Visitor: 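Below you will find the structure I want to go over with you.
Keep in mind it's a predicted model, so treat the numbers as computed, not measured.
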Amino acid sequence: MSDSDLLIEFRDVSKLYVTKRQVVRVLEGFDLQVRKSEFLCIVGPSGCGKSTLLNLISGLDLPDKGMISYDGKSVSGVQSDVGYITQKDTLLPWRTVRANVALGLEIRPRPEVDATLAVEEAIAKVGLSGFESLHP
């Protein structure tokens, strides 16, 4: 596989979390390569590191050791080109459906006309037209 085929790479990645009671080693010497257009499913029991992997590739967290790259560039902070949906309900209850859908566009702005249209299209696509002003 050539380097240009790689989308995601973890090389010798280690991550641990320190609590008041213990040190939890989530990853140690972890290696993974994901090619462009490849479909990957991460499966495992609670606490095995699935969310840690997603937080690391998105740049929301950084490894204690090793190297992570996305599309040929080293991950050293939040990746605005990477997003994922968690298994938990992460809607903001004080925001309406429209405001929750628009949150990503507030974080990464687009021209206002385009943003409004994109939000309305997303709401319609998931069958929530007519519920835009309600709270989750």
Visitor: Can you measure from CZ (R98) to CG (L134) and round to the nearest 0.5 angstrom?
Guide: 10.0 Å
Visitor: Do you know which two heavy atoms are closest between P136 and N100, and how far apart they sit?
Guide: CG-ND2, 3.9 Å
Visitor: Closest approach of S58 and N55, non-hydrogen atoms and distance?
Guide: OG-O, 3.1 Å
Visitor: side-chain contact (heavy atoms from CB on, under 4.5 Å), that's the test. Do L27 and L53 meet it? Break it down for me.
Guide: CA-CA 9 Å; L27 299 172; L53 286 176; 3.8 Å; yes
Visitor: Stepwise, does the side-chain contact (heavy atoms from CB on, under 4.5 Å) test hold for D12 with K65?
Guide: CA-CA 7 Å; D12 194 30; K65 178 185 170 213; 3.0 Å; yes
Visitor: Ignoring hydrogens, what is the shortest heavy-atom contact between E132 and I123? Give both atom names and the distance.
Guide: CG-CD1, 3.7 Å
Visitor: May I ask you to establish whether K73 and Y70 are in a cation-pi arrangement, using a distance under 6.0 Å from NZ or CZ to the six-membered ring centre and at most 45° from the ring axis?
Guide: no
Visitor: Can you tell me how far CD1 of I42 sits from CG of L40, rounded to the nearest 0.5 angstrom?
Guide: 5.0 Å
Visitor: Please find the pair of heavy atoms, one from G66 and one from P63, that lie closest to each other, and give the distance.
Guide: O-CG, 4.2 Å
Visitor: Closer than 3.5 angstrom, by distance alone: can the side chain of E38 be matched with the main-chain N or O of R35 as a donor-acceptor pair?
Guide: yes
Visitor: Should the pair D61-K15 be classified as a salt bridge under the 4.0 Å nitrogen-to-oxygen rule?
Guide: yes
Visitor: Quick one: pull up CD in E9 and CG in L6 and give me the separation to the nearest 0.5 Å.
Guide: 5.5 Å
Visitor: For S14 and G29, which heavy atoms make the closest approach, and how far apart are they?
Guide: OG-N, 3.1 Å
Visitor: Once rounded to the nearest 0.5 Å, what's the spacing between atom CG of D5 and atom OG of S37?
Guide: 9.5 Å
Visitor: Would K125 and E120 pass as an ion pair if we require N to O under 4.0 Å?
Guide: no
Visitor: Between V23 and L62, is there shared hydrophobic-cluster membership here, with clusters defined by ILVMFWY side-chain heavy atoms closer than 4.5 Å?
Guide: no
Visitor: Any chance you could measure L60, atom CG, to Q79, atom CD, to the nearest 0.5 Å?
Guide: 9.5 Å
Visitor: Would you indicate whether the side-chain heavy atoms of F131 and T96 approach each other to under 4.5 Å?
Guide: no
Visitor: Any sub-3.5 Å donor-acceptor pair from K36's side-chain atoms to D71's backbone N or O?
Guide: no
Visitor: State plainly whether one hydrophobic cluster holds both F10 and L16, where clusters connect Ile, Leu, Val, Met, Phe, Trp and Tyr through side-chain heavy atoms under 4.5 angstrom apart.
Guide: no
Visitor: Tell me whether L128 is reachable from V119 by hopping between hydrophobic residues (I, L, V, M, F, W, Y) whose side-chain heavy atoms are closer than 4.5 Å.
Guide: yes
Visitor: Side-chain heavy atoms under 4.5 angstrom apart, residues restricted to Ile, Leu, Val, Met, Phe, Trp, Tyr: same cluster for V18 and V24?
Guide: no
Visitor: How long is the span from the CZ atom in R95 to the CD atom in E106, to the nearest 0.5 Å?
Guide: 4.0 Å
Visitor: Begin from the C-alpha positions of V13 and L56 and carry the test side-chain contact (heavy atoms from CB on, under 4.5 Å) through to its verdict.
Guide: CA-CA 10 Å; V13 171; L56 289 169; 4.2 Å; yes
